[in-house]
Number of protein chains: 2
Amino acid sequence: MFNDDLVFKALGDPSRRFLLDLLFQRDGQTLGELEAELAMTRFGVMKHLRVLEDAGLVVTRRSGREKLHFLNPVPIRLIHDRWIDKYRERQVSALTDLKTSLESKKCQSSKKKA
Amino acid sequence: MFNDDLVFKALGDPSRRFLLDLLFQRDGQTLGELEAELAMTRFGVMKHLRVLEDAGLVVTRRSGREKLHFLNPVPIRLIHDRWIDKYRERQVSALTDLKTSLESKKCQSSKKKA
DNA sequence: TTGACATGTGACAAAATAGTCACATATAGT
DNA sequence: ACTATATGTGACTATTTTGTCACATGTCAA
């Protein structure tokens, strides 16, 4: 259904991850809108969107002369399932929640170990 | 705590994902053991392991003249959390479970919508 | 100490990737 | 029809990444 290699390659570039962030924030943006957020010509952005679309991370719909882009989270969920054992999920979750919790309380305690 | 870019870059290569698969299967393997599973000299494997270690996806422990490698699933969980909205998680999960379910029952029903 | 084994380093060539540009197509509005 | 706008294509260069090799370090065991 989804090609592993395309998905991971797509996620390997910071500009593409930023594009996903933008779409996560607001779905259905056009190339023009997305282009404005990147420090790059529209050609570069177009190429990146193409890679994301080929990977299935972004789906598109044409509307007149515009092309609307939507985030598709399914392949990302599948990545997760590959290396997170169902039985160990609870423990890993606890760890990441701890991390989140620590980060939101940065100012309360001055000492913490990495 | 974990550097996004290093993690995603690390996951972008198929050989490195295969190494993670090997460690997911059996933790604590040495370079020598891992090398035997890849179609590549030990130098290539070493480089890949270094990338994984820098990303925090693999942690190591020396034991005499050997170096043992262990999978660390935490960064992968964090990837997941980045684009899977907590409120939408249930729906996405349902979709991936459906996918799994369909794949294991390929022969039962002939008609299914995407 | 000697030799065998396991891992490590820096330089290198080949391959893949990112980003730009000239040029092209398609649509909306007047 | 004409013009401005939005997206698309292929060629090109610069950079990054992959994988290899000669050489080096550290460890075990006799």
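Below, each value reflects all heavy atoms present in this structure, side chains not excepted, and no hydrogens, waters or symmetry copies. In the text below, chain A, chain B and the rest are named by the order of the sequence lines, each starting its count at 1. Nothing here was measured: the structure is a model prediction, and the numbers come from that model.
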Asks: Send over the distance from Phe43(B) CZ to dG8(C) P, rounded to a whole Å.
Replies: 12 Å
Asks: Please give the angle, rounded to 10 degrees, between the axes at the start and the end of the helix from dT1(C)-dA30(D) to dT30(C)-dA1(D), where five pairs define each axis.
Replies: 30°
Asks: So, for Ser15(A) and Met40(A), which heavy atoms are closest and what is the spacing to 0.1 Å?
Replies: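 Nearest pair, atom of Ser15(A) first, then Met40(A): OG-CE, 3.6 Å.
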Asks: Glu66(B) has an atom CD; how far is it from atom P of dA4(C), in whole Å?
Replies: 19 Å
Asks: For a quick test of reading the model, state the closest non-hydrogen atom pair linking His80(B) to Ile76(A) and the distance between them.
Replies: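 Closest approach of His80(B) to Ile76(A): CA-CG2, 4.1 Å.
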Asks: To the nearest angstrom, how far is Met46(B) atom CE from dC5(C) atom C1'?
Replies: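 Value for this atom pair: 14 Å.
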Asks: Distance check needed: dT16(D) P versus Leu6(B) CG, whole Å only.
Replies: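 For the pair Leu6(B) CG and dT16(D) P, the rounded distance is 15 Å.
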Asks: Grab the two heavy atoms, one from Leu57(A) and one from Leu20(A), that are nearest each other, plus how far apart they are.
Replies: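 Answer, listing the atom of Leu57(A) first, then Leu20(A): O-CD2, 4.2 Å.
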Asks: Measure from CG on Leu31(A) to P on dT9(D) and round the result to the nearest Å.
Replies: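 Rounding to the nearest Å, CG of Leu31(A) and P of dT9(D) are 12 Å apart.
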Asks: Tell me, do Phe8(A) and Ile79(A) make a side-chain contact under 4.5 Å, heavy atoms counted?
Replies: yes
Asks: Would you kindly give the CZ-to-C1' distance between Arg17(B) and dT18(D), to the nearest whole Å?
Replies: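 Going from Arg17(B) (CZ) to dT18(D) (C1'), I get 14 Å.
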Asks: Are Trp83(B) and Pro73(A) close enough that some pair of their side-chain heavy atoms sits under 4.5 Å apart?
Replies: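 Heavy-atom side-chain distance check fails, nothing below 4.5 Å.
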Asks: Quick one: are Leu34(B) and Phe18(B) in side-chain contact, heavy atoms under 4.5 Å?
Replies: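 They are not in contact (no side-chain heavy atoms under 4.5 Å apart), so the answer is no.
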Asks: Give the B/S/- string for nucleotides 24-30 of chain C, one per nucleotide from 5' to 3', where a protein heavy atom under 4.0 Å of the base yields B, of only the sugar-phosphate yields S, and otherwise -.
Replies: ---BS--
Asks: Looking only at the side chain of Thr30(A) (C-beta and beyond, no hydrogens), which of the listed nucleotides dT7(D), dT7(C), dT20(C) gets closest?
Replies: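 In terms of side-chain proximity for Thr30(A), the closest of dT7(D), dT7(C), dT20(C) is dT7(D).
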Asks: Calculate the interatomic distance between Leu49(B) atom CG and dA6(C) atom P; express it in whole Å.
Replies: 16 Å
Asks: Using atom CG of Asp5(A) as one end and atom P of dT17(D) as the other, report the distance to the nearest whole Å.
Replies: 16 Å
Asks: Could I get a table of every N or O pair under 3.5 Å where one atom is in the protein and the other is in nucleotides 15-19 of chain C?
Replies:
from, atom 1, to, atom 2, distance (Å)
dA18(C), OP1, Arg16(A), NH1, 3.1
dA18(C), OP1, Arg16(A), NH2, 2.9
dG19(C), OP2, His48(A), NE2, 2.4
dG19(C), N7, Lys47(A), NZ, 3.0
dG19(C), O6, Lys47(A), NZ, 2.3

